[in-house]
Each structure stands twice: as structure tokens, then as C-alpha cells.
Number of protein chains: 2
Amino acid sequence: MRRLSPETFDELCPSSMLPIRMQNKWAPLLMRVLGEGPQPFSELRRALPRTSAKELTRALRSLDRDGFITRAADPGSVGYGLTPLGQSLLVMLLDVYDWTAEHWDELVDARERADRAEQAQASATS
Amino acid sequence: MRRLSPETFDELCPSSMLPIRMQNKWAPLLMRVLGEGPQPFSELRRALPRTSAKELTRALRSLDRDGFITRAADPGSVGYGLTPLGQSLLVMLLDVYDWTAEHWDELVDARERADRAEQAQASATS
DNA sequence: CAGTATCCTCTATGATACTG
DNA sequence: CAGTATCATAGAGGATACTG
């Protein structure tokens with residue numbers, strides 16, 4: 001898997017177009033980051049600079065509750081890491097990212113078309 | 001694809017365990033239902049008895065905006081149906097359902113474990 | 001470093017009633 | 001039949017400040 005850069009997580013980042021989400025806004029990105037290996041809290045913060053500590057914590061709790069990650073899995077290890085279940089989920093999640101990339105143009109076009117139609121509707125009403 | 005029965009959509013239905021969702025609560029089920037062929041509003045209501053007309057409409061608007069469904073696609077046809085993009089998405093969505101079914105026990109166990117831990121935490125605090 | 005605590009706003013969803 | 005309109009509530013998520 002390609003290394004992720006912080007810019008990946010901009011406001012206009014491709015994840016905003018993902019047709020499928022996890023419960024938590026930052027969860028899917030967190031999964032991808034953790035897919036690169038176990039990491040402590042501070043590194044996750046650096047990887048997701050647009051997230052507050054509170055939100056990051058909430059996302060981690062949520063993923064933990066669902067059994068996708070663990071805290072300090074290996075004794076003497078670093079903070080958070082994927083469980084086997086989490087790794088399995090990540091595979092599927094990456095398929096979703098791939099699907100999105102493949103259909104990117106269609107997705108963008110559909111939204112633009114819909115927004116234009118809404119615009120036309122609005123100006124006709126006024 | 002196996003035919004869907006209304007009971008599939010109970011409160012405790014498996015979809016509540018889906019680790020991945022679409023933006024709208026009813027959207028993924030709607031996709032599955034529409035995967036069985038184009039259908040009018042009234043049939044969709046019957047298929048999703050726990051949804052109000054308002055919520056169903058909102059889900060349909062959302063799916064339409066994203067280009068996954070259309071209204072009255074074929075001239076003289078029935079209400080709503082999947083677009084090619086929607087059909088492509090449905091394939092992936094079914095993979096998600098399959099993944100969930102395959103990992104069902106692990107998912108349930110993880111949540112029960114987490115809830116028990118929270119319980120223990122709560123009683124220790126009080 | 002690894003979080004927790006507060007305050008605030010916006011959205012999703014439900015329940016219910018109404019309309020062309 | 002195929003929706004729209006209104007009211008009300010829970011939770012998501014952002015911003016900011018604080019703690020062991």
C-alpha cells in the first residue's frame with residue numbers, strides 16, 4: 001500500500017466522495033493509517049492533522065469496541081494496532097477506495113448534474 | 001441474489017452490524033431492494049415497512065443525487081431503478097454484506113466483550 | 001505524551017399530519 | 001398513489017481549554 005501523506009486528508013479529500021462510510025468520520029482513514037503498522041496516539045495525530053484529540057479518541061474507542069483495533073496489543077508495543085478482524089476489514093475497505101477511484105468521474109459528474117438541476121429549480125421558483 | 005423478506009429489516013436486523021454504511025440509513029437496503037428490479041414508491045414502502053414516507057423520499061433523493069438511481073428511467077416504466085453506476089456499487093455493497101455474514105461471530109463477540117468491559121468499569125466506579 | 005471536559009451548532013432520524 | 005410539511009430529539013463533530 002502506498003504511503004499516505006497528510007494532504008490526503010484535506011477538506012476536499014477523496015474520502016468525502018466515498019459512497020460508503022464507517023460509523024465514525026475518521027475511522028476509515030484511521031484504518032488506512034494503522035494498516036501501515038501499529039502506532040502511538042501522537043503519530044496518529046500527526047497523520048490526521050485535521051482531527052482534534054477528542055475526535056481521534058472517539059474514533060479509536062469506536063474501532064476498539066467493534067474489535068478492529070487494540071491498544072498496546074503486543075506487550076511493550078506501540079499504542080494502537082489492527083486486530084486480525086481489522087486487517088480483514090481493511091482489505092475490503094481498500095476495495096471501496098479502489099471502486100471510488102475507478103468511478104471518480106461518474107461520481108463527480110452525477111453530483112454536478114444534480115446540483116445544477118437544483119440550481120435551475122431554485123431560480124425557477126424565485 | 002436471494003429474495004428479500006420484510007423481516008430482513010427488523011430493528012435487530014443484520015444491517016445494524018454492518019461495519020460500513022452509506023450516508024443514509026436506509027440507502028443500502030434500498031439498493032438491495034432495487035437490485036431486484038425497478039419499483040414504484042409504494043412497493044419500496046412495502047419492502048421497508050419500518051420507514052416513513054419522508055425518510056424513504058430522503059433516501060431516494062440522496063441516492064439520486066449520487067447517481068445511483070433514477071426516477072422512471074425507461075419511458076413508461078415503473079418508478080425507481082438502479083443506474084449502471086448504481087449496479088456497480090451494488091456489487092460492492094453485496095461484498096460488504098457477505099463480509100459481515102462471514103465475520104458475524106467475531107463481530108458479535110467483539111461488541112459483547114466491549115459492553116461487558118464497560119459494565120465492569122461502570123460498577124467499579126459506582 | 002495521551003488523553004478528558006465543556007460548550008455549541010448542525011444534521012439525521014423519527015413521529016405525525018396534511019396534500020394534489 | 002406519491003409524496004410534502006412540521007415538530008421534536010439524539011448524536012456527530014468542531015473549537016477550545018484543561019489534566020495526570
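Chain letters run A, B, ... following the sequence lines, proteins first, then strands; residues in each count from 1. All values below were derived from every heavy atom in this structure, side-chain atoms included, with hydrogens, water molecules and symmetry-related copies excluded. Just so you know, these numbers come straight off a predicted model, no measurement behind them.
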Taking atom [atom1] of [X] and atom [atom2] of [Y], what is their separation to the nearest 0.5 Å?
| X | Y | atom1 | atom2 | value |
| --- | --- | --- | --- | --- |
| Q87(B) | M31(B) | CD | CE | 8.5 Å |
| L85(A) | T70(A) | CG | OG1 | 11.0 Å |
| I69(B) | Q39(B) | CD1 | CD | 11.5 Å |
| M22(A) | L18(B) | CE | CG | 11.0 Å |
| M17(B) | Y97(B) | CE | OH | 14.0 Å |
| R71(B) | R61(B) | CZ | CZ | 7.0 Å |

Can you run through DNA chain C from 5' to 3' and write each base as (, ), [, ], | or . depending on how it pairs? Watson-Crick or G-U wobble, both distances under 3.5 Å.
||||||||||||||||||||
Whichever of A53(A) and Q23(A) has its nearest DNA chain D nucleotide further upstream toward 5':
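Closer to the 5' end of DNA chain D: Q23(A).
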Using heavy atoms and a sub-4.0 Å distance, could you list which residues of residues 57-67 of chain A are near DNA chain D? By number, please.
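Contacts with DNA chain D under 4.0 Å: R58(A).
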Just to confirm, is there a sub-4.0 Å distance from OP1 or OP2 of [N] to any side-chain nitrogen or oxygen of [X]?
| X | N | answer |
| --- | --- | --- |
| N24(B) | dT13(C) | yes |
| R21(B) | dA12(D) | no |
| K25(B) | dG14(C) | yes |
| S52(A) | dA15(D) | no |

Whole angstroms only, please: what is the [atom1]-[atom2] distance between [X] and [N]?
| X | N | atom1 | atom2 | value |
| --- | --- | --- | --- | --- |
| W26(A) | dG13(D) | CH2 | P | 9 Å |
| L56(B) | dG3(D) | CG | P | 9 Å |
| E55(A) | dT9(C) | CD | P | 17 Å |
| R46(B) | dC1(D) | CZ | C1' | 10 Å |
| F41(B) | dG20(C) | CZ | P | 17 Å |
| M22(A) | dG13(D) | CE | C1' | 17 Å |
| L48(A) | dA2(C) | CG | P | 15 Å |
| L44(B) | dA2(D) | CG | P | 9 Å |

For a quick test of reading the model, state the closest non-hydrogen atom pair linking T83(A) to G67(A) and the distance between them.
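Taking every non-hydrogen atom into account, OG1-O, 2.6 Å.
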Side chain to side chain contact (heavy atoms under 4.5 Å, CB included) partner of W99(B), the single match among V91(A), L89(A), L93(A):
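When V91(A), L89(A), L93(A) are each tested with W99(B), the side chain to side chain contact (heavy atoms under 4.5 Å, CB included) holds only for L89(A).
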Looking at E55(B) and R58(B), does any basic side-chain N land under 4.0 Å from a carboxylate oxygen?
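Looking at R58(B) together with E55(B), the answer is yes, because their closest N to O distance falls below 4.0 Å.
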Any N or O donor-acceptor pair under 3.5 Å from the base of dG14(C) to the side chain of K54(B)?
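Answer is yes: a donor-acceptor pair is held.
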